[in-house]
Amino acid sequence: MNKLLKPTDVFLDLEKGIILNLKPLVRKLSDLKVFFFETSVVENMLASGLNPIIYEVYECLQPENEGELNFGTTILYPGKVGGEYYFTKGHYHLRHDASEVYLGLKGDGIILLQSKTGDVKVESLKARKVVYVPSGWGHRTINVGDETLIFFFVYPSNAGHDYEAVEKQGFSKIVLEQNGKSKIVDNPKFANKG
Ligand code: PAN
Ligand code: ZN
């Protein structure tokens, strides 16, 4: 039996997406260097002193005991690197039975989902939309709007995050702005290693 945890509660600012009294994890362009398609654009931006914040994560982490849940919010800013919209790194859960729920709070986004066997799924994410990410699906969120994308998430605290697979293989699709609209296209750099 796991030790009985104390119930906790927090306040969420639904407008700003922040969880009060928590320090966010801040992801800047320099943290996402290898994830964007146009590496040379990233390098030029960094070389000229531009290192914008791409997203922030407010997370209530629980001990990694079976049955406990982590939850929090992600604030994904609007913007592009070259033609590619800002996104989260994306990951697979290390535990293959770990699923996740996303609830859109604000903005206009896309969740790209892919399995290791090559299945791809695309879901939109916006206020009041709930997306269930079943176990086994890698997931990345993209902000395709002009305003900040904010969403709430909850997943098993012992899920673990595998970023390496995404770093090496990438996502099979990327989301670009073309003629003022978002377009999901094949990622030419995708390494299909199965
Ligand atoms: C989310 C993500 C969060 C940031 O909490 O971790 O949006 O994205 P990356 O972890 O890909 O940088 C989640 O899916 N947790 O499992
Ligand atoms: Zn996840």
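Whatever order the structure lists ligands and atoms in, that order sets their numbers, starting from 1.
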Counting non-hydrogen protein atoms only, what is the nearest one to [atom]? Give residue, atom name and distance.
| atom | result |
| --- | --- |
| atom 12 (O) of ligand 1 | Y55 OH, 2.5 Å |
| atom 3 (C) of ligand 1 | T74 OG1, 3.4 Å |
| atom 10 (O) of ligand 1 | Y163 OH, 2.5 Å |
| atom 11 (O) of ligand 1 | G90 N, 2.7 Å |
| atom 6 (O) of ligand 1 | H91 CE1, 3.5 Å |
| atom 15 (N) of ligand 1 | E100 OE2, 3.0 Å |

key: the Zn ion (ligand 2) to nearest N/O/S of H161 less than 2.8 Å   =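 It does not: H161 brings no N, O or S atom closer than 2.8 Å to the Zn ion (ligand 2).
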task = Start with the C-alpha gap between F35 and F171, add the side-chain angles, then the distance that decides, and say whether ring pair (Phe, Tyr, Trp, His ring centres under 6.0 Å) holds.
result = CA-CA 9 Å; F35 292 85; F171 270 75; 9.1 Å; no
request  = Return the option from F151, F152, Y102 holding the heavy atom at the smallest distance from atom 14 (O) of ligand 1.
outcome  =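 Nearest option to atom 14 (O) of ligand 1, by heavy atoms: Y102.
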key: Nearest option to atom 8 (O) of ligand 1, as decided by whichever heavy atom of V154, D31, T88 sits closest   =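 Looking at heavy atoms only, the winner is T88.
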Quick one: does [X] get an N or O within less than 3.5 Å of an N or O on ligand 1?
| X | answer |
| --- | --- |
| E59 | no |
| H93 | yes |
| Y155 | no |

Between [X] and [Y], is there a side-chain N and carboxylate O pair less than 4.0 Å apart?
| X | Y | value |
| --- | --- | --- |
| K80 | E38 | no |
| E167 | K89 | no |
| E15 | K106 | yes |
| R95 | D162 | no |
| K181 | E177 | no |

message = Between Y102 and F151, is the ring pair (Phe, Tyr, Trp, His ring centres under 6.0 Å) condition met? List the steps.
response = CA-CA 7 Å; Y102 277 36; F151 59 92; 4.7 Å; yes
Between [Y] and [X], do the side chains contain a donor N or O and an acceptor N or O under 3.5 Å apart?
| X | Y | result |
| --- | --- | --- |
| T73 | K16 | no |
| N70 | Y155 | yes |
| Q114 | Y92 | yes |

Sub-4.0 Å atoms of ligand 1 with respect to non-hydrogen atoms of [X]:
| X | result |
| --- | --- |
| K89 | 11 (O), 12 (O) |
| H161 | 15 (N), 16 (O) |
| H139 | 14 (O) |

ask   = What is the name of the N/O/S atom in E100 that sits closest to the Zn ion (ligand 2)?
value =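 It is OE1 of E100.
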request  = Search all heavy atoms of F36 against all heavy atoms of V42 and return the closest pair with its distance.
outcome  =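 Heavy-atom minimum between the residues: CB-CG2, 3.8 Å.
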ask   = Vertex the Zn ion (ligand 2): angle to NE2 of H91 and NE2 of H139, to 10°?
value =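 With the Zn ion (ligand 2) as the vertex, the angle is close to 80°.
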